[in-house]
Number of protein chains: 2
Amino acid sequence: MDQPTKKKPSRIQQKNRKRILEAALDVFSQHGYRGATLDQIAEAAGLSKPNILYYFSGKEEIHVTLLNRLMETWLDPLAEMDPDGDPLEELLAYVRRKLQMSRDFPRESRLFANEILQGAPRMAPHLQSGLKPLFDEKCTLIRMWMDQGRLAPVDPGHLIVSIWATTQHYADFDAQLGVLMPPGAPGAESFLDTLYTRLLSPLAQGTA
Amino acid sequence: MDQPTKKKPSRIQQKNRKRILEAALDVFSQHGYRGATLDQIAEAAGLSKPNILYYFSGKEEIHVTLLNRLMETWLDPLAEMDPDGDPLEELLAYVRRKLQMSRDFPRESRLFANEILQGAPRMAPHLQSGLKPLFDEKCTLIRMWMDQGRLAPVDPGHLIVSIWATTQHYADFDAQLGVLMPPGAPGAESFLDTLYTRLLSPLAQGTA
DNA sequence: CCGCTTTTTTACCATTTGGTAAAGTCACGA
DNA sequence: TCGTGACTTTACCAAATGGTAAAAAAGCGG
């Protein structure tokens, strides 16, 4: 799809594009799209502003490139949920992967959060085409597990969304958590384990 | 503290300050602090830019004013949690109030989220002085309930944080939810009810 | 070492943005 | 109705920002 125009990115091109994206991730995730400036990105990347515009056609292209890359990484943990595994184990493993991802890639998480907060102006299509199908697929899978009595019944959509909410919160609201809790919020893993174990254990208890 | 300088805000002052804050809430919550412009706020308020600067000393003062007002409203639902009530009922009522608040004041929720995402540059002191004490107080209360066996034991801090995460998510990530779920995400209330009922019911079930 | 392409720098620009000065205009009590 | 203080508008700015043109400097195959 882009062979005719761009044959092969030279070594130096690859290196500099990577440096720019790395710097841009820092800046965008910290200040949001409109709050970030090309000068900031340029300085963080150790390049001049016009030089950056030699590698990317503009601010927006940098941002969109980051968002595209992010999408794959972001969907991964959900995609890994195995239909043939033990339901509760699969769900809990997913929660752990997602939490770990928030820990390992807080900048990516904030970039994403920022974009969604502003109404996903540059991401709506990707949500439709990338996230939605996977979301629906996993909802169906979870519903099946529940119908088989292998998980306590709850709305699968809200379940997944709640997992996103709780896990990403640790990255996105770090500034708040830093004030309220010691450092890094230890114990999040075991809390979430307990939360979702009690929610989903098929040995149904008293219903409220 | 400000009697010597400002005696009494005239009727027109009150009206226009309110209009400006209302407009600014729209704009700030949609674009973030740096993404919002005085011109946008001015247009939304139906006033000229210099006129706005007649009522507020600058962009930052408007933002800070909004943040201050927000703080009170935001803490309210948590403050209402009654030490003398039934523990589980109090917690669930809190969850419902918080969710309702996200529904009723999505702009405020986004304003807050934006500020925290950027590292709370204009809010850190308020978190320390306003939120932290209340948070600690309620953590102590919840821990007491748990020690009395009236709630299943979990970390109170993570519990409260998870309530924030799940409820605010419905306002802050609306753009994402709109793609994934029908409209307005019906059933959030009952999902969260189930989630926290199963987590906190003192009739402890199997421990993971 | 040469010539050609790729990369980088220098010097600019137009627009946007937060903010100001100062000249009105309005409201209202004397 | 007239003056005085509260409010608004008009006309500006300086700085910041996204972006461009074109010259200079590196790379690099031959």
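Throughout, a chain's letter reflects where its sequence line sits, starting with A, and its residues are numbered from 1. These values consider heavy atoms only, across backbone and side chains, with no hydrogens, waters or symmetry-generated copies.
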Before accepting this row, confirm whether a basic side-chain N of the pair B:D147/B:R143 lies closer than 4.0 Å to the acidic partner's carboxylate O. no
Base, sugar-phosphate, or nothing for A:R34, non-hydrogen atoms under 4.0 angstrom? sugar-phosphate
Which nucleotide in the list D:dT9, D:dG18, C:dT8 gets nearest to the side chain of B:S48? D:dT9
If you count every heavy atom of other residues, nucleotides or ligands that lies below 6.0 Å from B:Q100 atom CD, does the total exceed 12? yes
Heavy atoms under 4.0 Å, any strand shown: does A:A42 hit a base, just sugar-phosphate, or nothing? nothing
Under 4.0 Å, counting only non-hydrogen atoms across every strand here, what does B:I12 touch: a base, just sugar-phosphate, or nothing? sugar-phosphate
Whole-Å gap separating C1' (D:dG29) and CZ (A:R11): 14 Å
Is B:Q13 near enough to D:dA6 that one of its side-chain N or O atoms lies under 4.0 angstrom from OP1 or OP2? no
Between D:dT9, C:dG19, D:dG18, spot the one nearest the side chain of B:K59, thanks. C:dG19
Send over the distance from B:L53 CG to C:dA22 C1', rounded to a whole Å. 15 Å
Check the distance between D:dC12's P and B:K49's NZ and give it to me in whole angstrom. 15 Å
With respect to the side chain of A:D39, which nucleotide from C:dT17, D:dT17, D:dT9 is positioned closest? D:dT17
Residue B:Y55, side-chain atoms from C-beta onward, closest of D:dT17, D:dT9, D:dC7: D:dC7
From the candidates C:dT9, C:dT17, D:dT8, the one with an atom nearest any side-chain atom of A:N51 is C:dT9
Separation of atom CD1 in A:I52 from atom P in D:dT17, rounded to whole Å: 14 Å
Using whole Å, report how far CZ of B:R17 lies from P of D:dC7. 11 Å
Between D:dC7 (P) and B:I20 (CD1): distance, integer Å: 12 Å
Using whole Å, what does the distance between atom C1' of nucleotide D:dT9 and atom CG of B:N16 come to? 14 Å
Whole angstrom value for the distance that separates C1' of D:dT17 from OH of A:Y33: 12 Å
Report yes if at least one side-chain N or O of A:Y54 is closer than 4.0 Å to OP1 or OP2 of C:dT8; otherwise report no. no
Could you tell me whether A:K98 sits above the aromatic face of A:Y170, with NZ or CZ closer than 6.0 angstrom to the six-membered ring centre and within 45 degrees of the axis? no
When you get a sec, tell me which of D:dA11, D:dC7, C:dT8 is the closest nucleotide to the side chain of B:P50? D:dA11
Regarding B:D193 and B:R96, does a basic nitrogen lie under 4.0 Å from an acidic carboxylate oxygen? yes
Does the pair A:E22/A:R107 count as a salt bridge with the N-to-O cut at 4.0 Å? yes
